Amino acid sequence: KMQNAFSIIETYPNPASNYLNIDIQSYTPSDVSIKIYNNIGYLIQENNFDIASGKNTITVELKNKLSDGIYFVKINSDTKSFTKKLLIQN
């Protein structure tokens with residue numbers, strides 16, 4: 001059985017203000033959770049997406065008006081986790 005593996009190609013725009021695109025290459029269809037934390041580790045928002053095998057572009061709407069600063073985007077599947085730094089600039 002093949003691992004539910006994926007790789008992040010890119011997160012953009014960065015700096016962002018009200019949305020974030022995440023390009024994900026996935027080897028199998030999978031569920032992905034996207035969590036955004038502020039710089040002291042407080043969870044700001046969480047979104048879940050089903051992605052197909054191949055290249056996917058996920059658009060995350062940043063629901064709350066986020067203050068300018070540094071945030072962290074944690075992207076999780078069943079088997080893998082990535083964290084990307086995100087700059088918010090309104």
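Keep in mind it's a predicted model, so treat the numbers as computed, not measured. Positions are given from 1 along the sequence.
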Handout entry: side-chain contact (heavy atoms from CB on, under 4.5 Å) partners of Leu43, counting only residues at least two apart
Key = Lys35, Tyr37, Glu46

Smallest separation among heavy atoms of [X] and [Y], with atom names:
| X | Y | value |
| --- | --- | --- |
| Tyr27 | Phe6 | CD1-N, 4.1 Å |
| Ser26 | Ile51 | CB-CD1, 3.7 Å |
| Leu86 | Ala16 | CD1-CB, 3.9 Å |

Practice task
Could you go through the side-chain contact (heavy atoms from CB on, under 4.5 Å) check for Ile34 and Lys74 one step at a time?
Solution key: CA-CA 6 Å; Ile34 313 281; Lys74 191 167 188 186; over 6 Å; no

Practice task
May I ask whether Ile24 and Phe72 are part of the same hydrophobic cluster, defined by side-chain heavy atoms of I, L, V, M, F, W, Y residues being less than 4.5 angstrom apart, directly or through others?
Solution key: no

Problem - Same apolar cluster (I L V M F W Y, side chains within < 4.5 Å links), Tyr42/Leu62 - result: yes

Problem - Any donor-acceptor pair under 3.5 Å from Asn90 side chain to Leu66 backbone - result: yes

First locate atom [atom1] of [X], then atom [atom2] of [Y], and finally report the distance between them rounded to the nearest 0.5 Å.
| X | Y | atom1 | atom2 | answer |
| --- | --- | --- | --- | --- |
| Gln25 | Glu10 | CD | CD | 13.0 Å |
| Ile36 | Leu20 | CD1 | CG | 6.0 Å |
| Phe49 | Ser30 | CZ | OG | 12.5 Å |
| Asp50 | Asn56 | CG | CG | 10.0 Å |

Exercise for the section: For residues 12-21, pull every pair meeting side-chain hydrogen bond (donor to acceptor under 3.5 Å, both in side chains), keeping only residues two or more places apart or in separate chains. Expected result: Tyr12-Asp23, Asn21-Thr59

Practice task
Indicate yes or no: at least one non-hydrogen side-chain atom of Val60 is less than 4.5 angstrom from one of Gln45.
Solution key: yes

Practice task
Begin from the C-alpha positions of Lys63 and Ile44 and carry the test side-chain contact (heavy atoms from CB on, under 4.5 Å) through to its verdict.
Solution key: CA-CA 9 Å; Lys63 292 185 177 67; Ile44 304 292; over 6 Å; no

Exercise for the section: Evaluate the criterion side-chain contact (heavy atoms from CB on, under 4.5 Å) for residue pair Ile75 and Ile8; output intermediate values, then yes/no. Expected result: CA-CA 9 Å; Ile75 302 146; Ile8 305 300; 3.8 Å; yes

Exercise for the section: Would you sort out whether Val73 and Tyr71 count as a side-chain contact (heavy atoms from CB on, under 4.5 Å), showing the intermediate values? Expected result: CA-CA 7 Å; Val73 182; Tyr71 294 80; 5.8 Å; no

